[in-house]
Peer 1: 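Take this structure first; my questions come after.
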Amino acid sequence: MTEKLPPVRVRFAPSPTGRTHLGSGRTALYNYLLARQTGGQFLLRIEDTDQKRYVPEAEQELMESLRWLGLEWDEGPDVGGPYGPYRQSERKEIYLEYAKQLIEKDKAYYCFCSPERLARLREQQMQAKQATMYDGLCRQLTPEDALRRVKQGEPHVIRFKTPREGSITVRDYLRGDITVENRTIDDYILVKSDGWALYHLAAMVDDHLMRITHVLRSSEWLSTFPLHGHIIRAFGWQEPVFVHLSVFLKPSGKGKMSKRESAQLLQDGYSIFIKDLEQLGYLPEAVVNWIALMGWSYDDKTEFFTMQDLIEKFSLDHLNPSPAAINFTKFDHFNGLHIRHLSVEELAKRVKPFFLRAGLQPEDTKLLQIAPIIRERLVTLDDAVEMAGFFFRDQMDYEADLLVGKNMNPSESLQVLQESYDLLKNLAFEEKETLETALRNLAEQKGLKAGQLFGILRIAVTGQSVSPPLIESMLILGKEKVLERIQDALKRLQPIVGL
RNA sequence: GCCCCCAUCGUCUAGUGGCCCAGGACGUAGCCCUCUCAAGGCUAAAACACGAGUUCGAACCUCGUUGGGGGCACCA
């Protein structure tokens, strides 16, 4: 636990420009954990100041993803709160007002340079192998002059007036002090010519107005962090604690995820998008456990965590600043762990939609019986269909020669299958022991290994060479169906024997 | 090119100067259990990027090198 923090106010502030992925999920999770642990508030703020990049479905998917993971926010666009609105597109005037404050304080200035001039400038600088920055042309303008041109309707932006001399030191919670020469920091645009604020202004203003105490954000903000320090100090505001989270790398560890990689990943049955993971049969509990451990650790041995555990044990002090490669194999392991951690009732409930999706009609009572025998065999919920679909299908679909036992010929197989039928016909399908002893005795009589007999019966009864334990499966399926299927198998085997 | 960040097994990581010829987990290999497949148990191989310092002593501190990542937009 983070050494006794007072209640924090934290926020997750995504821009609705695309699908919600694991990296966002983890940032949101850490924020959420800190809020719950300290009894503070977790806010959701939508950073949609760029209308050009706005994707309408993105916000919906974002909220669904967070809720699926179990990350409920205390304040946000849909639930409201005392510091709203929580959508930046509804706060345009606020930012403009604060930008003007900065101009009055001589910490910002109007700039009338055209995009064309800026492009040319950039080109020249690149050719001269210099850093690409604004050259400060409009800094020279007198405030009166600038204001006059603004009033005349001349297109303009507002730029931050980064000090030319000296340096700034900002503090990242994980990395300590970071000192940067001011001359390497650009006069970033705060407000665009269309009047909309950019991230650097909007986020700082909102974090202040919304009383944010801790900013946990992606480390891609590290490079503009000094600028943010300047902006906050220009206003004279109290700085929140900044924690820059490491980035996720693609599984190979070489670079971050690209479109191409995402497509390939889906081929392999994985995805970095949270909504996809739900479809693929992963548990939100497993996703949370897994991503929590990419960049954070509790000790040198504990790896299984529920959300409740994480709320209790999460700590900023055990965050790891280095980038982490996404490892889906380990994710599978965590999903298995959490599936086994589910109660029978819960597993039955969660697995049901996957059967329905496969066009099967599972009865709840059967599902409840099946859950315990498939529980330790599942990697994903979707695996249940493959493993136990035979309970709900009437038509068996398998190659008849699979009915020939290991190291046996067709006629031996047919014979022992027939004898199994006769044996089972006279038994009550109640006790596991009754069936098991009978079948084992039969195998012994015939000089067969139990595995040989069970193998044949497994195919006959389940149509699969891999299945949940045979006897249990037969009991759940019921005497009638088991006999029917063996009968069917006998018919399939006969032509092979030559009958 | 410029700026910033990072650096322990293949991967996620523990480790904050002596407890470490480096611990756990996934994966891999072998064995046990076993009606298939799993699950579970045991065992094994597997790492402090490199080079200089500082120190009685360095995975841990400093510097450099190399490697990796991020940023350099009227995107966030």
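Letters A, B, ... are given to chains in the order of the sequence lines, protein chains preceding strands, and every chain is numbered from 1. Computed from a prediction, not measured in an experiment: that's the story for all the values here. Hydrogens, waters and symmetry mates are skipped; everything else that's a heavy atom, side chains included, is used.
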Peer 1: I'd like a list of close polar pairs between nucleotides 72-76 of chain B and the protein, N/O only, cut-off under 3.5 Å.
Peer 2:
{"unit_1": "B/C72", "atom_1": "O2'", "unit_2": "A/T132", "atom_2": "O", "d": "3.1"}
{"unit_1": "B/C72", "atom_1": "O2'", "unit_2": "A/T132", "atom_2": "OG1", "d": "3.2"}
{"unit_1": "B/C74", "atom_1": "O2", "unit_2": "A/S193", "atom_2": "N", "d": "2.8"}
{"unit_1": "B/C74", "atom_1": "O2", "unit_2": "A/S193", "atom_2": "OG", "d": "2.7"}
{"unit_1": "B/C74", "atom_1": "N3", "unit_2": "A/S193", "atom_2": "OG", "d": "3.0"}
{"unit_1": "B/C75", "atom_1": "OP2", "unit_2": "A/K192", "atom_2": "NZ", "d": "3.2"}
{"unit_1": "B/C75", "atom_1": "O2'", "unit_2": "A/D50", "atom_2": "OD2", "d": "3.0"}
{"unit_1": "B/C75", "atom_1": "O2'", "unit_2": "A/R53", "atom_2": "NE", "d": "2.5"}
{"unit_1": "B/C75", "atom_1": "O2'", "unit_2": "A/R53", "atom_2": "NH2", "d": "2.6"}
{"unit_1": "B/C75", "atom_1": "O2", "unit_2": "A/R53", "atom_2": "NH1", "d": "3.2"}
{"unit_1": "B/C75", "atom_1": "O2", "unit_2": "A/R53", "atom_2": "NH2", "d": "3.3"}
{"unit_1": "B/A76", "atom_1": "OP1", "unit_2": "A/T49", "atom_2": "OG1", "d": "2.4"}
{"unit_1": "B/A76", "atom_1": "OP2", "unit_2": "A/Y199", "atom_2": "N", "d": "3.1"}
{"unit_1": "B/A76", "atom_1": "O4'", "unit_2": "A/R53", "atom_2": "NH2", "d": "3.0"}
{"unit_1": "B/A76", "atom_1": "O3'", "unit_2": "A/E47", "atom_2": "OE1", "d": "3.2"}
{"unit_1": "B/A76", "atom_1": "O2'", "unit_2": "A/S15", "atom_2": "OG", "d": "3.2"}

Peer 1: Output a table of nitrogen or oxygen pairs between the protein and nucleotides 41-47 of chain B separated by less than 3.5 Å.
Peer 2:
none

Peer 1: Taking atom P of B/U34 as reference, at what distance in whole Å does atom CD of A/E436 sit?
Peer 2: 11 Å
Peer 1: Does the pair A/D206/A/R91 count as a salt bridge with the N-to-O cut at 4.0 Å?
Peer 2: yes
Peer 1: Under 4.0 Å between a Lys/Arg side-chain N and an Asp/Glu carboxylate O for A/R87 and A/E90?
Peer 2: yes
Peer 1: Between B/G41 and B/C56, how far is it from one P atom to the other, in whole Å?
Peer 2: 47 Å
Peer 1: Applying side chain to side chain contact (heavy atoms under 4.5 Å, CB included), can you list everything that pairs with A/A13, at least two apart in sequence or on another chain?
Peer 2: A/R11, A/R45, A/E47
Peer 1: Nearest to the side chain of A/E376, which nucleotide is it out of B/C35, B/A38, B/G69?
Peer 2: B/A38
Peer 1: Using atom P in both nucleotides, what's the gap between B/C9 and B/G15 to the nearest angstrom?
Peer 2: 16 Å
Peer 1: So, A/K330 and A/E303, do they make that salt bridge, N to O below 4.0 Å?
Peer 2: yes
Peer 1: Mapping A/F334 and A/R458 onto RNA chain B by nearest heavy atom, which one lands closer to the 5' end?
Peer 2: A/F334
Peer 1: Rounding to the closest angstrom, what is the interatomic distance between B/G70 and B/G40 at atom P?
Peer 2: 36 Å
Peer 1: With rounding to the closest Å, how many angstrom separate the P atoms on B/U16 and B/C4?
Peer 2: 30 Å
Peer 1: If the threshold is 4.0 Å, N to carboxylate O, is there a salt bridge linking A/E57 and A/R19?
Peer 2: no
Peer 1: Between A/R440 and A/E444, is there a salt bridge with N-O shorter than 4.0 Å?
Peer 2: no
Peer 1: Looking at A/W196, is A/K92 sitting on its ring face, NZ or CZ under 6.0 Å from the six-membered ring centre and within 45 degrees of the normal?
Peer 2: yes
Peer 1: Could you check how far CG of A/N441 sits from C1' of B/C35, rounded to whole Å?
Peer 2: 15 Å
Peer 1: State plainly whether the residues A/D194 and A/K52 are in salt-bridge range, i.e. N to O under 4.0 Å.
Peer 2: no
Peer 1: Determine the interatomic distance between P on B/C50 and the same-named atom on B/U8; round to the nearest Å.
Peer 2: 11 Å
Peer 1: Between A/E181 and A/R164, is there a side-chain N and carboxylate O pair less than 4.0 Å apart?
Peer 2: no
Peer 1: Using a 4.0 Å heavy-atom cut-off across all strands, classify A/P468 as base, sugar-phosphate, or nothing.
Peer 2: base
Peer 1: With a 3.5 angstrom cut-off on both distances, give the Watson-Crick or G-U wobble partner of B/A14, or none if there isn't one.
Peer 2: none
Peer 1: Of A/F305, A/F331, A/F304, which is the lone residue that meets ring-ring contact (aromatic ring centres under 6.0 Å, His included) with A/H338?
Peer 2: A/F304
Peer 1: Which residue, A/F242, A/F160, A/Y199, forms the ring-ring contact (aromatic ring centres under 6.0 Å, His included) with A/H228?
Peer 2: A/Y199
Peer 1: Go ahead and name the base partner of B/G27; Watson-Crick or wobble counts if both distances stay under 3.5 Å, otherwise write none.
Peer 2: none
Peer 1: Provide the distance between the two C1' atoms, one in B/G68 and one in B/A49, to the nearest whole Å.
Peer 2: 11 Å
Peer 1: Does B/G1 have a Watson-Crick or wobble mate here (both distances under 3.5 Å), and if so which one?
Peer 2: B/C72
Peer 1: How are the rings of A/F112 and A/H156 set to each other: parallel, tilted or perpendicular (split at 30° and 60°)?
Peer 2: tilted
Peer 1: Determine, for A/K446 against A/E412, whether the closest basic-nitrogen to carboxylate-oxygen distance falls under 4.0 angstrom.
Peer 2: no
Peer 1: Do A/R340 and A/E376 meet the salt-bridge criterion of a basic N to acidic O distance under 4.0 Å?
Peer 2: no
Peer 1: Measuring only the C1' atom in each nucleotide, how far is B/G71 from B/G30? A whole number of Å is fine.
Peer 2: 48 Å
Peer 1: For the atom pair CD1 (A/I459) and CG (A/L403), what is the distance rounded to the nearest 0.5 Å?
Peer 2: 6.5 Å
Peer 1: Give none if B/C20 has no partner; otherwise give the nucleotide forming a Watson-Crick or G-U wobble pair with it, both distances under 3.5 Å.
Peer 2: none
Peer 1: Restricting to non-hydrogen atoms, name the atom on A/L121 and the atom on A/M133 that form the minimum distance, rounded to 0.1 Å.
Peer 2: CD2-O, 3.7 Å
Peer 1: Should the pair A/W290 and A/F328 be assigned to parallel (<30°), tilted (30 to 60°) or perpendicular (>60°) ring geometry?
Peer 2: tilted
Peer 1: Which nucleotide, if any, forms a Watson-Crick or G-U wobble pair with B/C63, using both distances under 3.5 Å?
Peer 2: B/G51
Peer 1: Ring centres of A/Y173 and A/H214 under 6.0 Å apart?
Peer 2: no
Peer 1: Can you tell me how far P of B/C2 sits from CZ of A/R183, to the nearest Å?
Peer 2: 12 Å
Peer 1: Is there a Watson-Crick or G-U wobble partner for B/G40 with both distances under 3.5 Å, and which nucleotide is it?
Peer 2: B/C32
Peer 1: Can you check the distance between B/A44 and B/C26, where both ends of the measurement are the P atom (answer in whole Å)?
Peer 2: 15 Å
Peer 1: Give, ordered by number, those residues of residues 160-172 of chain A having at least one heavy-atom distance below 4.0 Å to an atom of RNA chain B; if nothing qualifies, reply none.
Peer 2: none
Peer 1: Scan residues 398-405 of chain A against RNA chain B and write down, sorted by residue number, each residue with any heavy atom closer than 4.0 Å; if none is found, say none.
Peer 2: none
Peer 1: What does the B/S/- profile of nucleotides 3-16 of chain B look like, 5' to 3', with a 4.0 Å heavy-atom cutoff to protein?
Peer 2: -SSSS---BBSSS-
